[in-house]
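Before any comments, here is the structure.
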Amino acid sequence: MSDLPRKAVTRTVKLAALPLGIAGRVTWGLGKRIGGKSAEIVARELQQRTAEQLFRTLGELKGGAMKFGQALSVFESALPEEVAGPYRAALTKLQEAAPPLPTATVHQVLTDRLGPDWRDLFEEFEDKPAAAASIGQVHRAVWHDGRQVAVKVQYPGAGEALLSDLKQLGRFAGLLGPLVPGMDIKPLIKELRDRVSEELDYELEAEAQRTHADAFADDPDVIVPDVVHQGDQVLVTEWLEGTPLSEVIADGTEEERDRAGQLLARFLFSGPARTGLLHADPHPGNFRLIPGADGRMRLGVLDFGTVDRLPGGWPKPIGRSLRMTLDGDAEGVYGHLCAEGFVRESVELDPDAVLDYLKPIIEPAEAEEFTFTRPWLRGQAARIADPRSPAHQLGRQINLPPSYLLIHRVTLSTIGVLCQLGATVRLRDELDTWLPGFASAE
């Protein structure tokens, strides 16, 4: 019955071919250098060819390969335009869809998980999936009480595929690093592996979604669909109509982009304060822009399979460090970072150099409103990635405590999406309202 494990050999061969292809292109690049092409041009060509092969391969697979592709796709904004352009469409596809499972397999899963009379639960059930992603696909249906619902069916063998793919990708993570300058790919893959069991557990996902649905039930800006039914490997929720954020990125008006960006920032920073949870999978496929009856667009939020538990809301040290940086308090922010474990005891840094490193990164929080753009993010990535730059040297000495790993990735991912949107956002308003310690460093 399981399509994913049955293709395990094929999956391994495809993933194993990636580093071989990269190695071949490095050899090709060396030949180009000897032939007279500049190092910069050769590096750009290598990056483009590697990216094209990577996303073509990931797009053919589900499981961990797909999950890694989705996580990486939100950083597309950090890539040089001449590299990002040729495969931006492939990235968008990764955010929204993967090849579906056969209908017979889906019916068998529903029979196994909901019982042989599963069709009695529905007035209608569409066999063709409305969406498909890394570990499951979604079918549109009508529940027996007449409600429009989304039926999320987990791929048989998804757990084995996730772990196998991520283990394979982890073996050559270092070779993939140049795809996103300034980002270490290995911790990203490790974190995805660590959260496999949570994402496969639809009971945990249902609990997180119910918590968010309750907290945002009367919110004028954010909609979270209610959970209708939850079973092992099957999750039924209310259907959410709207425009996927990937379509807003591709074709949205300036008004839609700005509204989507503002609401995305609001959800990111208000969610932990209101629910004690951080939605930790902020790729565009998990959001919808929904027109309201009053004419105001609202943000629909999907997929709560990955969350970070923050019972006290956002950690106050984040807000305090950000405020000290904005205030130019070099000694204060350095002392705070040391106390929180961002600088190890064995490392001694120049507080002014630390401030210089942080100031450009937090520029969006300094202005009354800030326009997130791909060139801005590319500039930040290039500054940190350049081995010759002071920012690169200092960044290598800063430690990220384990408790901040997921928060860090979610924040970076959200910034990546905001840059894809090209949204003008009043970020400081959201920080003032929702980030403890930001309004006052006391």
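For this chain, numbers begin at 1 and follow the sequence in order.
The side-chain tip of R113 does not point at the ring of Y202 from less than 6.0 angstrom away and within 45° of straight on. A cation-pi contact, defined as under 6.0 Å to the ring centre and within 45° of the axis, is absent between R320 and F438.
Under a 4.0 Å N-O distance rule, the pair D429/R266 does not qualify as a salt bridge. No salt bridge links R210 with D226; every basic N to acidic carboxylate O contact stays at or beyond 4.0 Å.
Residue Q230 qualifies as enclosed at atom CD: its count of foreign heavy atoms under 6.0 Å is above 12.
If you check the side chains of E363 and W376, you find a donor sitting under 3.5 Å from an acceptor. The closest side-chain donor-acceptor pair between Q262 and D258, if any, does not fall under 3.5 angstrom.
For residues 115-125, no pair satisfies salt bridge (charged side-chain N to carboxylate O under 4.0 Å, His left out), with sequence neighbours left out.
Proximity of V410 to D308: side-chain heavy atoms (C-beta onward) are nowhere separated by under 4.5 Å. With a 4.5 Å cut-off on side-chain heavy atoms, L110 and V153 count as touching. Y155 is not listed as a side-chain neighbour of V109, based on a closest heavy-atom distance of 4.5 Å or more. Within the 4.5 Å cutoff, the side chain of V142 has heavy atoms near those of the Q148 side chain.
The main-chain N or O of F370 is never found under 3.5 Å from a side-chain atom of R428 such that the two would form a donor-acceptor pair. Between the D281 side chain and the G305 main chain, no donor and acceptor come within less than 3.5 Å of each other. Checked by atom type and distance alone, the side chain of E256 pairs as donor or acceptor with a backbone atom of T253 at under 3.5 Å. Proximity of a side-chain donor or acceptor of Q154 to a complementary backbone N or O of L200 within less than 3.5 Å is detected. Proximity of a side-chain donor or acceptor of R298 to a complementary backbone N or O of G292 within less than 3.5 Å is not detected. A side-chain donor-acceptor contact under 3.5 Å links H139 to the backbone of E126. Of the possible polar contacts, one joining the Q209 side chain to the P225 backbone as a donor-acceptor pair under 3.5 Å is found.
For an aromatic pair to be called close, the ring centres must be under 6.0 Å apart, and F304 with H212 satisfies this. Less than 6.0 angstrom separates the ring centroid of H279 from the ring centroid of F287.
Residues V106 and F125 come closest through the heavy atom pair CG1-CZ, 4.5 Å. Taking each heavy atom of R257 and Q420 in turn, the nearest pair found is NH1-O, 3.6 Å. G242 and I290 make their closest contact through CA-CG1, 4.1 Å (heavy atoms, listed as atom of the first residue, atom of the second, distance). Of all the heavy atoms in T373 and C419, the pair that sits closest is O-SG, 3.4 Å. The two residues P156 and T105 have their closest heavy-atom pair at CG-CG2, 3.9 Å. Residues I407 and T411 share a closest heavy-atom pair of O-OG1, 2.8 Å.
Annotation: ring-ring contact (aromatic ring centres under 6.0 Å, His included) contacts of H408 (sequence neighbours excluded): none. Residues meeting the side-chain hydrogen bond (donor to acceptor under 3.5 Å, both in side chains) test with E241, sequence neighbours left out: R140, W239.
Classification of the F122-W143 ring pair by plane angle, with boundaries at 30° and 60°, yields perpendicular.
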